[in-house]
Structure formats: structure tokens, C-alpha cells
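On a predicted model such as this, the values are computed, not experimentally measured, just so you know.
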Amino acid sequence: MSAISERRERERAHRHQLIITAARELAETEGWEAVTTRRLADRVEYSQPVLYSHFNGKDAIVSAVALDGFGELATHLRRARQAAPGPAHALRAVCRAYLDFATERPALYQAMFILPTELTFASAETPAPMRACFDEFVGCFPPANERRELFAEVVWGALHGIAVLSESGRIPPAGQEERVDLLVTRFADTPTRPGTP
């Protein structure tokens, strides 16, 4: 690749990230309904055709923001799991970190889990940052647990429900710690193999 091609590629990558960052900032301050190609074009000082050369519409922009979010979430969960004072506390730490992330970054969480995106879960096409998030949950269960991926799915699903219901005001935020305790205790006491008493 020539020096000119490399420079153009760097400039394109910079523009791409600038659009993602602008979309996220706009969503965080005004909500996703405020994120339009016209508003983004004004904000990043590029024409709408330039935006469309990077993203094929709003869903693609939301997908890119979501993918950035999954990278952040994976790092957040990994830090929590590794900082836990032992394997027995890892699941609780990861659960708390997940709920904190959802509460502190509501617009980003919406992009990741609520809004339509082009991202695929649980398939060969699942992007690495998404798989890394899931792996942090899996890593909370011992390798001898043959159902650790199933456990991870159920815990993640429960946490997602708690996050969405809390954000919408359908369950009171005051019970968050008790919900995490119940979830962690239930999975800590669950047999690791089918048929295990």
C-alpha cells in the first residue's frame, strides 16, 4: 500500500470514528430520535453523501455505536471479574458491573440491546467485542460446569430484564442489590451437569 493510500485510509477511519462519536454524544444528550443524518452531517461538518459513504443509514450508525459499546462493556466486565476477591465473587462483581454500565450509559445500552441493528448474536458472524462480553459471563463459572454457556445466557438475560425494567420504572431501583443476590445465589447453588443432584 502506498503512503497516499495509507493516509487516505487513516483519514477515512478517522471520519468513521468521528461520525460514531458524534452519534453517541447526540443520543446521550438528546435521545436517539435526535440522531439523523442531517444532524450528524452538521455536527461533524461533512456532507450527507460523505456520511452515506461510511454508513448505509441510521441503523448502520446505531450498529457501529453498539459495537463500540460492546467493546467498552467487555472491558468493564473483565475489570470487575478480575478485581473480584476470588472466583466465588466473580459472578456478583460482573452482574453489578453490567447493571452499572446500563444505568450510567442508557443511550449506549439502547443502541446495544433495544434499537434495531445489523449485529448478530450467537452465530459465527457475531463480532469479537460481543463474544468477549459473553465470555466474561462464561468465565464466572468453573470450567467443569458443562452448562456454563447456558448459565451465562440465563444470567445475561435476567440482567437485561432487570436493566430494562429498572430504566422504564416498572421495578423500583431500591431492590437492585436483592435481585443480584437472588440471581447469584441461585446460580451458585445450581448443579453443574444435567442429572446432578
Side-chain angles (χ1 to χ4, degrees), residues 24-33 62-63 65-117 119 121-122 126-197:
R24 182 172 167 176
E25 289 171 354
L26 192 54
E28 286 171 350
T29 56
E30 298 183 41
W32 280 104
E33 57 282 346
V62 172
S63 294
V65 170
L67 198 54
D68 265 11
F70 282 111
E72 286 181 29
L73 178 59
T75 300
H76 193 63
L77 298 179
R78 186 176 312 108
R79 285 184 186 142
R81 185 177 57 78
Q82 291 174 344
H89 300 279
L91 182 59
R92 183 180 308 279
V94 167
C95 288
R96 284 183 179 145
Y98 182 93
L99 291 173
D100 288 347
F101 182 93
T103 301
E104 293 163 7
R105 302 164 181 85
L108 182 57
Y109 192 83
Q110 282 183 337
M112 294 163 66
F113 294 107
I114 310 291
L115 300 175
T117 69
L119 302 173
F121 285 87
T126 301
M130 294 166 66
R131 181 66 202 189
C133 289
F134 183 66
D135 288 345
E136 290 306 318
F137 282 102
V138 173
C140 293
F141 300 100
N145 183 341
E146 295 174 5
R147 297 189 298 168
R148 64 200 301 231
E149 290 204 359
L150 174 63
F151 283 20
E153 287 175 355
V154 174
V155 169
W156 193 339
L159 290 171
H160 173 67
I162 291 168
V164 171
L165 291 170
S166 294
E167 172 65 19
S168 66
R170 287 176 171 82
I171 57 176
Q176 205 80 305
E177 198 63 31
E178 191 176 358
R179 291 181 198 106
V180 170
D181 285 344
L182 179 63
L183 187 61
V184 169
T185 302
R186 177 65 186 108
F187 277 88
D189 295 339
T190 301
T192 60
R193 292 191 316 271
T196 302

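- With hydrogens and angles ignored, the 3.5 Å screen pairs no side-chain donor or acceptor of Trp156 with any backbone N or O of Phe137.
- Nearest heavy atom pair, residue Ala97 against residue Leu77, reads CB-CD2, 4.0 Å.
- Counting non-hydrogen atoms of neighbouring residues, nucleotides and ligands closer than 6.0 angstrom, the CZ atom of Arg79 reaches no more than 12 such neighbours.
- Considering all non-hydrogen atoms of both residues, Leu183 and Cys95 come closest at CD2-SG, 4.3 Å.
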Between Glu153 and Phe134, is a side chain to side chain contact (heavy atoms under 4.5 Å, CB included) present by the stated rule, with each step listed? CA-CA 8 Å; Glu153 287 175 355; Phe134 183 66; 3.7 Å; yes
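- Note that CG of Leu26 and CD of Glu33 are 9.5 Å apart. Values are rounded to the nearest 0.5 Å.
- Ala93 approaches Ala84 most closely through the heavy-atom pair CB-CB, 4.1 Å.
- Each of Leu182, Val180, Asp181 was checked for a side-chain contact (heavy atoms from CB on, under 4.5 Å) with Val184, and the lone residue meeting it is Val180.
- With rounding to the nearest 0.5 angstrom, the CD1 atom of Ile114 is 9.0 Å from the CD atom of Glu167.
- Here Phe70 and Phe113 bring their ring centres to under 6.0 angstrom of each other.
- Among residues two or more places apart in sequence or in another chain, the salt bridge (Lys or Arg N to Asp or Glu O under 4.0 Å) test is passed with Glu72 by Arg24, Arg105.
- In this structure, CG on Leu99 lies 9.5 Å from CD on Glu177, to the nearest 0.5 angstrom.
- Considering only heavy atoms from C-beta on, Val65 stays 4.5 Å or farther from Met112 through its side chain.
- Nearest approach of Ala111 to Thr117, heavy atoms of both residues: O-CG2, 3.4 Å.
- To the nearest 0.5 Å, atom CZ of residue Phe187 and atom CZ of residue Arg147 are 9.0 Å apart.
- Open room surrounds CD on Glu178; 12 or fewer heavy atoms of other groups in view lie less than 6.0 Å from it.
- Checking Glu136, His89, His76 one by one against Arg81, the side chain to side chain donor-acceptor pair (under 3.5 Å) holds for a single residue, Glu136.
- Shown here for Gln176 and Ser166, the closest heavy-atom pair between the two residues is OE1-OG, 3.5 Å.
- Atoms CG and CG, on Asp68 and Leu108 in that order, are 8.0 Å from each other to the nearest 0.5 Å.
- Put simply, OH on Tyr98 and OG1 on Thr103 are 10.5 Å apart, with the number rounded to the nearest 0.5 Å.
- The two residues Thr126 and Phe121 make their nearest non-hydrogen contact at OG1-C, 3.3 Å.
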Chi angles and distances behind the salt bridge (charged side-chain N to carboxylate O under 4.0 Å, His left out) call for Glu104, Arg96: CA-CA 12 Å; Glu104 293 163 7; Arg96 284 183 179 145; over 6 Å; no
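- Remark: Asp135 does not engage Arg78 in a salt bridge, criterion side-chain N to carboxylate O under 4.0 Å.
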